[in-house]
Amino acid sequence: MNPVLNITPVKTWSWLNVNEMKYDGPLPERAPFNKNPLIEVPEGVSIDNIGDSSSLNLEDEEAFMAEYVRENRNHGYSIVVPENFKPARPLIIDYVLDADNPVVVDETSIILGKNSSLNIIFRYTGNIPEAFHAGITHIDVGQNANLTLTKVQLLNGEGNDLDYTRIEQGENSSTRTILIETGAKRTVGNWQSNLNGEGSSTSLKAAYIGSKDQVLDFNYRMNHKAKNTRGEILGQGALFDNCRKVLRDTIDFQRGSGGSKSGETENVLLLSDNAENLSVPLLLCVEDDVEGTHASTTGSIDDKALFYLMSRGLSKEQAEKMLIEAALIPIAMEIEHENTREMALEFIQRRLADETNY
Amino acid sequence: MEMKKTYVDAPDRSVYDIIDPLDVGYQVSSGLTEEIVREISKQKNEPEWMLDKRLESLKIYNQIPMPKWGPALDKLDIDKIITYIRPKASAQGSWDSLPENIQNTFDRLGILEAERVSLGGVGAQYDSEIVYHSIKEELTQQGVIYTDMETAVHEHEDIVRQYFMKLIPANDHKFMALHGAVWSGGSFVYVPKGVRVDIPLQSYFRLNAPGAGQFEHTLIIVDEGASVHFIEGCSAPKYDVVNLHAGGVELFVKDNAYLRYSTVENWSKNMLNLNTKRATVGKNGEIEWVSGTFGSQITMLYPSSILAGEGAKSKFTSVSFSGEGQELDTGTKVFHAASNTSSTIESKSISKDGGAAIYRSSVVVAPNAKNCKSSASCESLMLDDISRSDTLPVMDIRNSSANVGHEAKIGKISEQAVFYLMSRGLTEEKAKEMIVRGFVEPITKELPLEYAVEMNNLISIELEGSIG
């Protein structure tokens, strides 16, 4: 029986097939990973191998993922940023999977002390079909601390990726997450921010391209648990060929979240009649003094914009590629590290060149 | 200045809670067995094929598990539900021929007056059977058929057999299987080609007995180029035991035809309302759903539209008001199965005093359906911090030329809007009253005047200070 991942916070009709994702890919057991992925470690940040310690703590329904990572973990870090410390440079963890090290199952724990900040970037790349990543990142963001988290997964189109992020936010803390998890044949992305402290805020921007027979399955959630919290999710994607994409994004205004505001937006360019595009924007609320909005649009390339560009001398293929890039590139441009940004941009442009023949 | 929270009354139910003394003609024992199903069929003197359908439905009911999503239905014990109660009255064409208590019930509910003033035909169901049916003579002359389902099974057997439970089969879900086994009452409407029925037809369903179930079946066929507006109303008095409503509504809107199906539902708070409604729409045909849900303890109701013909359209407008002890799980499903089809959804909900209002929907565009458009808009108003409001839409889009948009909003009434109206001379209370009434206005404006008035009367507003 296939393990179940990405369980939707509130179930709906089962025939829609969005309540969960039944993962049917490989699950390597106890494979080694013998490379050092650290590229840049800013001074003042404490980083140790995670060793035997663990802060694995997923929700009951995600028990499979927690147990799998616990049993098969082969890498990970325990990172602490001291109070009041703001590193000048980002911390980059770069997992390059190759024939000798095709599998990484990582667990990383990050603690940001009060008034501190951190820009941390995870990169997962590898041009081999056996490439596999599964991982859980736990981040505790202290009072008034700021986190910028970027995850870029650009595995070969035969690889598999199961990535979970859990963020706990203290009072007046802020987090920004950029996710470009889009390379693997099966990409399972699960991100959650718990706004536990009054005045905390979070944002997530995610970009994806689905092509060939890829499966992209995302589950993003903002839990507003305290007063005056803020949240924003933006998902931008383009779908080609026979891919299947499910994006669940949830705003949950829980008891005690009065004065909070949150919004989620997803825009999908659907560029194939054989692709499956499912959007599940959920809005849950038990508080009256909140403002929540969600919006989801699906469409093809805007005819007027296409006509305009072609009237300026571009070919149809050029114009289409430009307009699709315009939807995705702004998110990649938010990455606060030049090399990583270039990597993401190059991937997007290359993938779009393949799909649009330009 | 200290702003106090606004108080919004729950809908006034007094006229609905009057219980008629029980004066039953016949009833089956409680529970669901093959024997009971056979007895219901025998009481109706049905053809063999209908009994076979009932028995097949019973078999399916026993095989399908309870749903794993949505409100908990553990209060439902089918062994305690009486699935068939026939009052001491058969279908009449005149109110005066009915027993006085039944006549008075429908008079209190405003049905007699409505018929006089604004309806082309009326069906009235009391417990499990239709007790009154009428249709204006000019409609009959045009070939319009509006009768109770039992009469239709006998007098229009061929057409009923062709359509009955074909759109919503018994294996669709557990409560449709239950419906198929024990259905009773309901209305049959046929509008011939090209006939435009300008005055609405209405059926009203009244459940009087405690611990009973109502399982009416409504079958409407609007033939090519025809049009009709059908209104459905329902209510029951409040008891301490559970009542169950598992009706079935099948609507066939043929090419270039139009059907508006309006419902104002005000079941009592011991009622489990598990109704199933579905329409199929032909080429350039149009279905409009207008739905007001105010009653029941638990409602699971998702009128669905299958846009089967090219150019077909669906419009869905609904309001729900969930108060203390209520969980109203409502929404819609739209299937764009053909090209150039379009759908709009507008849903409003209000929740207060611990009530839960859930909006649940699906919009599906099939791979072969080109150039489809769909837009959905949901707004939820929370009036306190002990209630709940969830919005659970799903879009499944599989054609690249589709243009689909969904937006939703939740919150309290904007203080800026209140300030604006006050700057125009209104008092704070009047400003808030205007905003709340305006919130439900998209629904009330779609109903005939008498029903819009009734819907507004269901919500009486007493405002003190700010809302929320």
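Residue numbers start from 1 in every chain, and the chains themselves are labelled A, B, ... in the order their sequence lines are given, proteins ahead of strands.
- Taking CG of N399(B) as the reference point, atom CG of N274(A) lies at 10.0 Å (rounded to 0.5 Å).
- Neither the backbone nor the side chain of R248(A) comes within less than 4.5 Å of any heavy atom in chain B.
- Separation of atoms OG (S400(B)) and CD1 (I301(A)) is listed at 9.5 Å; rounding is to 0.5 Å.
- Exactly one of T250(A), V280(A), V10(A) qualifies for a side chain to side chain contact (heavy atoms under 4.5 Å, CB included) with L392(B). That residue is V10(A).
- For a residue to count as touching a neighbouring chain, one of its non-hydrogen atoms must lie under 4.5 Å from one of that chain's; by this rule V18(A) touches chain B with the side chain only.
- The 12-atom threshold is exceeded at NZ of K348(B), counting heavy atoms of other residues, nucleotides or ligands nearer than 6.0 Å.
- Residue K68(B) touches chain A through its backbone alone, counting heavy-atom pairs closer than 4.5 Å.
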Practice prompt. Show the numbers, then the answer: is there a side-chain contact (heavy atoms from CB on, under 4.5 Å) between S296(A) and M395(B)?
Written response: CA-CA 9 Å; S296(A) 174; M395(B) 277 69 68; 3.6 Å; yes

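- Closest approach of P393(B) and P281(A) over heavy atoms only: CD-O, 3.0 Å.
- No part of Y359(B) comes within reach of chain A, as not one of its non-hydrogen atoms sits under 4.5 angstrom from that chain.
- Using a 4.5 Å cut-off between heavy atoms, A408(B) contacts chain A through both its backbone and its side chain.
- For a residue to count as touching a neighbouring chain, one of its non-hydrogen atoms must lie under 4.5 Å from one of that chain's; by this rule I386(B) touches chain A with the backbone only.
- Ranked by heavy-atom pairs under 4.5 Å with chain B, the first of N17(A), L16(A), L278(A) is L278(A).
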Practice prompt. Check the pair W13(A), V394(B) against side-chain contact (heavy atoms from CB on, under 4.5 Å), reporting the backbone distance first and the verdict last.
Written response: CA-CA 10 Å; W13(A) 297 298; V394(B) 178; over 6 Å; no

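- Interface residue W15(A): only side-chain heavy atoms are found under 4.5 Å from chain B.
- Shown here for K11(A) and R360(B), the closest heavy-atom pair between the two residues is O-NH1, 2.9 Å.
- Within a 6.0 Å radius of CG in D24(A), other residues, nucleotides and ligands contribute more than 12 heavy atoms.
- Contact count against chain B (heavy-atom pairs under 4.5 Å) is highest for S272(A) among S14(A), G299(A), S272(A).
- Interatomic distance, M382(B) CE to D289(A) CG, rounded to the nearest 0.5 Å: 10.5 Å.
- For S362(B), the parts lying near chain A are the backbone and the side chain together; criterion is any non-hydrogen pair under 4.5 Å.
- Heavy atoms closer than 4.5 Å to chain B are found in the backbone of L271(A), but not in its side chain.
- Atom CD of E59(A) is surrounded by more than 12 heavy atoms from other residues, nucleotides or ligands within 6.0 Å.
- For S279(A), the parts lying near chain B are the backbone and the side chain together; criterion is any non-hydrogen pair under 4.5 Å.
- With a threshold of 4.5 angstrom between heavy atoms, V363(B) does not approach chain A through any atom at all.
- Of the residues considered (G411(B), G405(B), S374(B), S389(B)), S389(B) shows the highest number of contacts with chain A, using heavy-atom pairs under 4.5 Å.
- Rounded to the nearest 0.5 angstrom, W69(B) CH2 and T8(A) OG1 are separated by 14.0 Å.
- Within the model, atoms CG of L283(A) and SG of C378(B) stand 9.0 Å from one another, a figure rounded to the nearest 0.5 Å.
- Ion pair D288(A)/K412(B) not flagged as a salt bridge, since none of the NZ, NE, NH1 or NH2 atoms sits closer than 4.0 Å to an Asp/Glu carboxylate oxygen.
- To the nearest 0.5 angstrom, H406(B) atom NE2 is 11.5 Å from E266(A) atom CD.
- The choice from V365(B), N403(B), I397(B) that makes the most heavy-atom pairs within less than 4.5 Å of chain A is I397(B).
- Residue K166(B) qualifies as enclosed at atom NZ: its count of foreign heavy atoms under 6.0 Å is above 12.
- More than 12 heavy-atom neighbours from other residues, nucleotides or ligands sit within 6.0 angstrom of CD on Q63(B).
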